[in-house]
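Just below is one structure, and these are the notes that go with it.
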Amino acid sequence: MGLLNFKKSAATAPTPIPEVEAFLEGYSIEVMPRTAEKVEDFRELLPEGTRVYIAHIEGTPIEDMVATAARLAKDGYAVMPHFPARIIKDETTLSDWIARYQGEAGVRQALLLAGGVTEPHGAFESSMQLLETELFDKAGFDRLHVAGHPEGNRDIDPDGSMKNVDEALAWKQKFSERTNARMALATQFAFEAGPIIEWANAIKANGIDLPIHIGIAGPAKLQTLIKFAIACGVGPSLKVLQKRAMDVTKLLLPYEPTEVLSELAAHKVANPDFNIESVHFFPLGGIKTNANWAIEHGGKNAVPANHA
């Protein structure tokens, strides 16, 4: 089980780069109920204590979400389900979901976001409205994550600016200062280190000191990544993939996030107060592929105490 299986490919695995290994400490990863069903035993893939987000896609029954949370919690993982505002009908529904997660899986962490639907199903359309209910605080949630957008978000700012995104960040910063829960920004994935670093430094200069859990796409076929990137509104860093797709020698090779993580890790070493705290993986090429890649590159540690 566990670490024994992690070492089975050690003979062929790459030697971890020390700064990348340190940067991956306490990484998190995302699953959905339907992808989790395909994994026979998560303990063969993820170190105990790994934070596992459970994505709540429109149409997924809350029963499936809670059952997945309970399974992961039983296996020793820190479970963080999504609460997408636009698919939550009202405060009663939100209260019921919180109670189910806590009663059946002991959940005390959540990612609050608007959600990927255009028309709200009911009273909520933003994570800020969910926070304003104070239901998470009353339920004793000790960690709340909210969305960050290093390359903007066309759903929030149709004109391509960062105006509304930045105003929302300022509101979330003020909220974090009056809540007992630890807060962080879990971001959309991007493929280029430079713009990520510029964004992280810019929001810090504007008084946003929420730690960043940077979204990184796990290993996947290039065509798969481009499809997801366009669907999710990834901005300028999409050109990294498009440039790669033009190189016939690389077209059929799977994309791996080695370059972007190496650059971010090196920047963290040179700038210890850099506000990226953790890596959050989107396993677009499959949970097993991503988990194995993380282990091979040194991500073998459970969530450290300062990330709990």
Side-chain angles (χ1 to χ4, degrees), residues 16-30 47 49-51 53 78 80 109 111 113 143-153 162 165-177 179 181-218 234-240 255-282 290 293-295 297-308:
I17 302 169
E19 56 264 35
V20 172
E21 186 172 11
F23 196 63
L24 287 176
E25 184 178 16
Y27 75 89
S28 58
I29 199 163
E30 188 166 293
T50 301
R51 178 172 292 117
Y53 290 60
M80 179 172 274
Q109 307 182 35
L111 170 64
L113 67 171
R143 179 172 277 278
L144 298 173
H145 288 185
V146 289
H149 304 281
E151 299 183 322
N153 185 307
M162 300 284 278
V165 166
D166 287 344
E167 288 177 356
L169 272 183
W171 188 97
K172 293 167 184 175
Q173 172 67 34
K174 290 180 181 177
F175 181 87
S176 74
E177 295 165 2
T179 181
R182 296 182 67 182
M183 293 185 67
L185 298 175
T187 80
Q188 180 59 276
F189 56 89
F191 301 98
E192 193 172 13
I196 292 173
I197 293 169
E198 290 178 12
W199 172 77
N201 290 340
I203 66 169
K204 187 174 183 178
N206 286 333
I208 309 299
D209 65 4
L210 294 171
I212 298 168
H213 292 213
I214 192 67
I216 296 292
V234 171
S237 71
L238 176 60
K239 69 180 182 292
V240 172
Y255 165 88
E256 295 186 358
T258 311
E259 184 175 342
V260 62
L261 284 175
S262 295
E263 291 181 23
L264 290 173
H267 186 80
K268 181 78 171 180
V269 170
N271 302 272
D273 61 344
F274 186 45
N275 50 349
I276 290 184
E277 177 183 77
S278 291
V279 172
H280 174 60
F281 282 114
F282 291 84
N290 199 151
W293 187 94
I295 294 302
H297 289 78
K300 59 184 180 297
N301 299 308
V303 179
N306 65 322
H307 292 191

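All heavy atoms count here, side chains included; hydrogens, waters and symmetry mates do not.
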Grab the two heavy atoms, one from [X] and one from [Y], that are nearest each other, plus how far apart they are.
X    : Y    : answer
P257 : F281 : CG-CE2, 4.4 Å
L24  : A294 : CD1-O, 4.2 Å
A217 : Y255 : O-CE2, 3.9 Å
A200 : N275 : O-ND2, 3.1 Å
V269 : E19  : CG2-CB, 3.7 Å
A181 : R143 : CB-N, 4.1 Å

From [X] atom [atom1] to [Y] atom [atom2], the distance as rounded to the nearest 0.5 Å:
X    : Y    : atom1 : atom2 : value
F191 : I196 : CZ    : CD1   : 9.5 Å
T187 : I212 : OG1   : CD1   : 7.5 Å
S28  : H145 : OG    : NE2   : 8.0 Å
M183 : F175 : CE    : CZ    : 6.0 Å
E277 : E25  : CD    : CD    : 10.5 Å
I216 : L261 : CD1   : CG    : 4.5 Å

Check your understanding: Which pairs count as side-chain hydrogen bond (donor to acceptor under 3.5 Å, both in side chains) when at least one residue sits in residues 259-269, sequence neighbours excluded?
Key ->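 Counting only pairs at least two positions apart or across chains, the side-chain hydrogen bond (donor to acceptor under 3.5 Å, both in side chains) contacts touching residues 259-269 are H267-N271.
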
Point to revise | Those residues that, when tested against W199, pass ring-ring contact (aromatic ring centres under 6.0 Å, His included) (two or more places apart) | key: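 Partners of W199 by the ring-ring contact (aromatic ring centres under 6.0 Å, His included) criterion come out as none, since no residue qualifies.
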
Point to revise | Sub-4.5 Å side-chain heavy-atom contact between V279 and L264 | key: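 Heavy-atom side-chain distance check fails, nothing below 4.5 Å.
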
**Study point:** Test item: S176 and L144 side chains (from C-beta on) under 4.5 Å apart, heavy atoms
**Key:**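 Sidechains of L144 and S176: no contact.
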
Review point. What's the verdict on side-chain contact (heavy atoms from CB on, under 4.5 Å) for L169 and L185, showing C-alpha distance, side-chain angles and the deciding distance?
Key: CA-CA 9 Å; L169 272 183; L185 298 175; 3.5 Å; yes

Check your understanding: Parallel, tilted or perpendicular: which describes the rings of H297 and W293, with under 30° parallel and over 60° perpendicular?
Key ->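 The arrangement is parallel - the two ring planes meet at less than 30°.
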
Practice item. Classify the ring geometry between F282 and H280 as parallel (under 30°), tilted (30 to 60°) or perpendicular (over 60°). Key: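 F282 vs H280 ring planes: perpendicular.
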
